[in-house]
Enquirer: 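Attaching a single structure in structure tokens format; questions to follow.
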Number of protein chains: 2
Amino acid sequence: MVSIADVARDAGVSSSTVSYVLSGKRSISPETRRRVEDSVRRLGYHPHAGARALASSRTNVLGLVMPLRPDIDVPVLMGFVTSVVTSARRYQHDVLLVTNDEGPEGLRRVANSATADALLVMDVETADPRVPVLHSLPCPAVLVGLPDDPGSLSCVDLDFSAAARRCVEHLAELGHERIALVGPSPAVYERGTSFADRFLDGFTTAARQRNTHAVSSPCPPSYEGVCACLDRIFAERPEPTGLVVHNEAVLGTLLSELRGRGRRVPEDVSVVAVGPGETTANWPVPLTTVPLPSDEIGRTAVEMTMRELEGTASAEVRLLSPRLVPGRSTAPPPPTVS
Amino acid sequence: MVSIADVARDAGVSSSTVSYVLSGKRSISPETRRRVEDSVRRLGYHPHAGARALASSRTNVLGLVMPLRPDIDVPVLMGFVTSVVTSARRYQHDVLLVTNDEGPEGLRRVANSATADALLVMDVETADPRVPVLHSLPCPAVLVGLPDDPGSLSCVDLDFSAAARRCVEHLAELGHERIALVGPSPAVYERGTSFADRFLDGFTTAARQRNTHAVSSPCPPSYEGVCACLDRIFAERPEPTGLVVHNEAVLGTLLSELRGRGRRVPEDVSVVAVGPGETTANWPVPLTTVPLPSDEIGRTAVEMTMRELEGTASAEVRLLSPRLVPGRSTAPPPPTVS
DNA sequence: TTGAAAGCGTTACCAT
DNA sequence: ATGGTAACGCTTTCAA
């Protein structure tokens with residue numbers, strides 16, 4: 001292994017000088033800098049991460065806490081992960097995957113063993129048991145999501161309440177007076193997932209304000225689940241004419257089942273989907289969508305983390321404003337049978 | 001931070017004894033062991049990862065090299081990732097995410113800076129440019145996939161060639177004489193993705209051996225792509241009666257489009273899908289499936305890595321045998337119009 | 001069965 | 001603008 005001493009010898013300087021050239025923490029004569037950088041390149045020197053962590057108490061690693069549940073929205077999750085990783089690299093940081101199956105002890109281990117400098121936590125619940133644990137750790141933590149009581153932890157998320165409002169308003173403006181929400185799987189609600197609750201709240205409230213009749217129905221990720229969910233919704237009288245789908249996983253099945261039931265989109269039913277950006281494209285009718293910007297959320301989470309590590313900022317809750325991207329899946333409701 | 005010296009003091013032993021209690025590398029009297037373990041628990045001691053890495057030249061971290069392409073199969077990828085992470089934890093290892101956008105230099109950085117002990121590489125291509133780089137690194141690497149020339153690197157993957165054969169045989173045994181492959185996106189073929197090639201090979205060869213007429217058609221992940229793909233397939237005369245879908249992303253769209261074209265599954269067309277296990281469930285007709293066992297592949301990759309790190313095994317190529325899980329989407333072909 | 005002490009490769013403080 | 005050197009917290013060899 002090539003060490004800092006090798007580089008120092010090769011460049012004819014002391015190892016501390018090499019260290020300073022690399023960190024930029026003190027001024028170096030152009031000539032020295034050049035020689036050192038040459039040697040670094042020529043020898044293929046890479047500082048030993050462990051040694052560096054030991055001496056500087058900084059690992060340059062971010063711990064990303066990932067849910068392992070079967071009922072999560074996989075594309076959204078992957079969107080976060082890639083966004084976090086690429087953003088972290090911009091700040092010279094690597095990303096370590098931490099799963100939840102070690103429980104709180106896993107978080108303590110990673111933080112207390114100086115394996116990571118900070119923790120990013122995904123899939124946050126309303127009353128998330130990890131919140132108190134995170135407060136007790138010697139490192140900053142940023143939540144992707146919004147628990148009831150974040151205390152002094154930073155949070156980033158889409159403003160799901162506003163997103164729901166946006167969907168309702170869009171349908172209401174088109175003239176829909178009876179709408180329905182196809183929600184996430186019951187399991188997601190049962191564990192009090194933060195975003196699901198906030199979306200449902202926003203949906204219900206906005207509908208009330210608009211004097212729009214609204215029903216909502218969780219939807220399990222199976223063909224039978226989708227059918228049952230649609231049965232429930234279309235049992236309403238008169239039938240809802242607008243659907244808000246907050247469940248990426250069943251979208252395909254749902255659209256296909258609507259067609260199977262002889263309901264055309266958007267002639268008979270309007271559909272707004274909330275989900276990853278790609279959601280729009282794959283269907284016969286391009287969908288009206290409120291994109292879930294996992295990219296921006298991940299990037300923001302990393303940036304907030306970096307500010308906290310630098311000490312240039314402290315905890316903060318940031319809710320990103322939703323956009324509605326019009327497609328051809330929403331239109332005015334069919335004329336009422338008189 | 002609580003260090004090994006703190007524990008040693010608290011337990012009334014030397015720090016080397018604490019180290020040995022923790023590593024189990026030499027025998028310790030029961031009494032001493034108890035006292036040390038007590039102190040560890042009471043003080044909440046976690047060994048400093050960097051210090052440990054520095055002293056032992058082992059980081060207990062696995063680098064997982066992840067593709068960032070938009071055209072990968074996300075659920076499959078996530079399956080690997082979770083499988084790798086949970087398997088690694090069984091061996092006391094953490095997983096660091098490495099993306100490809102740093103290029104080969106990223107691999108060198110992670111390996112040469114002693115950030116990870118080994119590399120697991122996903123999304124391997126036929127002539128993968130990373131293979132020579134991996135050979136030059138001071139740490140073992142395991143490929144998920146099978147390049148043309150793996151040299152001395154370990155590989156794990158589903159035997160895609162056998163998987164295709166299995167699909168063809170299943171359809172042939174039911175009596176289908178004309179079949180078609182709905183393949184991955186053209187982009188996947190263009191970059192010479194290992195599994196896509198091997199599947200196509202197996203498909204073509206098996207069909208020839210069975211005297212079955214076969215066409216294959218890559219399928220871009222969009223509604224138009226699916227339509228074009230089906231147009232091409234059903235332009236054959238007589239029309240194919242069996243479809244093998246090796247493209248998880250378009251499955252929903254494809255099934256819905258088949259229905260839209262008035263083709264019933266399995267009465268008019270039989271469908272076999274290759275993909276993650278969940279693939280089966282979400283459709284009106286439970287699909288006949290050849291599962292892609294990301295779980296087993298990930299676990300195997302980790303185990304092979306561990307063996308190599310221990311030095312108890314060397315490079316090896318392991319191709320897992322496919323299973324075919326019968327559903328209700330395959331049946332004998334409709335009687336020929338005479 | 002245990003302890004002392006020499007590294008491991010950096011960083012950062014104290015000099016000059 | 002640069003060099004010397006004491007930490008950093010652990011593992012492991014050597015000694016007892």
Side-chain angles (χ1 to χ4, degrees), chain A residues 1-37 39-40 43-61 92 109-117 138 309, chain B residues 1-37 39-40 43-61 92 109-117 138 309:
Chain A
M1 197 216 161
V2 28
S3 80
I4 200 174
D6 300 324
V7 177
R9 197 172 319 113
D10 188 83
V13 297
S14 76
S15 58
S16 55
T17 297
V18 176
S19 175
Y20 284 116
V21 167
L22 262 37
S23 70
K25 289 189 181 169
R26 78 179 180 193
S27 50
I28 299 284
S29 77
E31 167 60 6
T32 305
R33 146 159 294 118
R34 201 193 48 69
R35 286 221 312 285
V36 170
E37 283 168 348
S39 302
V40 165
L43 304 181
Y45 169 65
H46 293 267
H48 188 290
R52 183 169 259 189
L54 184 54
S56 67
S57 355
R58 288 295 232 100
T59 61
N60 276 32
V61 168
Q92 324 268 47
R109 181 179 62 80
V110 170
N112 292 327
S113 65
T115 293
D117 293 333
L309 284 173
Chain B
M1 200 216 159
V2 28
S3 80
I4 199 173
D6 299 324
V7 176
R9 197 172 317 112
D10 187 85
V13 297
S14 76
S15 60
S16 57
T17 297
V18 175
S19 175
Y20 282 118
V21 168
L22 262 38
S23 70
K25 289 189 180 171
R26 79 179 180 192
S27 49
I28 299 284
S29 77
E31 168 59 7
T32 305
R33 149 160 291 119
R34 201 192 49 68
R35 287 220 312 285
V36 170
E37 282 168 350
S39 303
V40 165
L43 303 182
Y45 169 66
H46 293 266
H48 187 290
R52 184 169 258 191
L54 184 54
S56 67
S57 347
R58 287 295 231 100
T59 61
N60 275 33
V61 168
Q92 324 269 48
R109 182 180 61 80
V110 169
N112 291 328
S113 64
T115 293
D117 294 333
L309 285 173

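Every chain is numbered from 1 and lettered A, B, ... according to where its sequence line falls, protein lines coming before strand lines.
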Enquirer: D/dG3 base to A/Thr17 side chain: any donor-acceptor pair below 3.5 Å?
Expert: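 No, no donor-acceptor pair under 3.5 Å.
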Enquirer: Taking atom P of C/dT10 as reference, at what distance in whole Å does atom CG of B/Leu54 sit?
Expert: 9 Å
Enquirer: How many Å lie between CD1 on B/Ile4 and C1' on D/dC10, as a whole number?
Expert: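 Distance, rounded to whole Å: 6 Å.
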Enquirer: At 4.0 Å (heavy atoms only), tell me whether B/Ser19 reaches a base, stays on the sugar-phosphate, or touches nothing.
Expert: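 The answer is base, as B/Ser19 lies within the cut-off (heavy atoms under 4.0 Å) of a base atom.
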Enquirer: Ignoring backbone atoms, establish whether B/Ser29 has a side-chain N or O less than 4.0 Å from OP1 or OP2 of C/dT2.
Expert: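 Yes.
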Enquirer: Please report the shortest heavy-atom distance between A/Thr17 and A/Thr32, naming the atom on each side.
Expert: CG2-CG2, 3.8 Å
Enquirer: Taking all non-hydrogen atoms of both residues, which atom of B/Asp117 and which atom of B/Asn60 are closest, and how far apart?
Expert: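 In terms of heavy atoms, the two residues are closest at OD2-N, 2.7 Å.
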Enquirer: Looking only at side-chain atoms of A/Thr32, point me to the closest of D/dC8, D/dT2, D/dC10.
Expert: D/dT2
Enquirer: Looking at side-chain heavy atoms only, is the closest gap between B/Asp6 and B/Ser3 below 4.5 Å?
Expert: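 Yes; the side chains approach each other to less than 4.5 Å.
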Enquirer: With the side chain of B/Ser16 defined as its heavy atoms from C-beta on, choose the nearest nucleotide among C/dT10, D/dT11, C/dA4.
Expert: C/dA4
Enquirer: Quick one: B/Arg9 CZ to D/dC10 P, roughly how many Å, whole number?
Expert: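 Checked: the CZ to P distance equals 12 Å.
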Enquirer: DNA chain C: B/Ala55 or B/Gly12, which has the more 5' nearest nucleotide?
Expert: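 Upstream on the strand: B/Gly12.
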Enquirer: How long is the line joining NZ of A/Lys25 and C1' of C/dC14, in whole Å?
Expert: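 The distance from NZ of A/Lys25 to C1' of C/dC14 comes to 17 Å, rounded to the nearest Å.
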Enquirer: What is the distance from atom CZ of A/Arg9 to atom CD1 of A/Ile4, rounded to the nearest 0.5 Å?
Expert: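 Rounded to the nearest 0.5 Å, the CZ-CD1 separation comes to 12.0 Å.
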Enquirer: For D/dG9, does OP1 or OP2 lie under 4.0 Å from any side-chain N or O of B/Ser3?
Expert: no
Enquirer: Rounded to the nearest Å, what distance is computed from the CG atom of residue A/Leu22 to the P atom of nucleotide C/dG9?
Expert: 16 Å
Enquirer: Of the options C/dT1, D/dG3, D/dG9, whose atoms approach the side-chain atoms of B/Ser27 most closely?
Expert: C/dT1
Enquirer: May I ask you to verify whether the side chain of A/Tyr20 and the base of C/dC13 hold a donor-acceptor pair under 3.5 Å?
Expert: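 Counting by modelled atom types and ignoring angles, a donor-acceptor contact under 3.5 Å is found here.
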Enquirer: In whole angstrom, what separates B/Ile28's CD1 from C/dT2's C1'?
Expert: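 Taking atom C1' of C/dT2 as the reference, CD1 of B/Ile28 is at 8 Å.
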Enquirer: Find which nucleotide of DNA chain D each of B/His46 and B/Arg26 is nearest to by heavy atoms, and output the residue with the more 5' nucleotide.
Expert: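 Of the two residues, B/His46 wins.
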Enquirer: Could you tell me how far apart A/Arg58 (CZ) and C/dA12 (C1') are, to the nearest whole angstrom?
Expert: 15 Å
Enquirer: Nearest-Å distance, NE2 (B/His48) to P (D/dT11)?
Expert: 12 Å
Enquirer: Determine the minimum heavy-atom distance between B/Val7 and B/Val2, stating which atoms define it.
Expert: CG2-CG2, 4.4 Å
Enquirer: Give a yes/no on whether any side-chain N or O of A/Ser56 is located under 4.0 angstrom from OP1 or OP2 of C/dT11.
Expert: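 It does not, given that no N or O in the side chain of A/Ser56 lies less than 4.0 Å from OP1 or OP2 of C/dT11.
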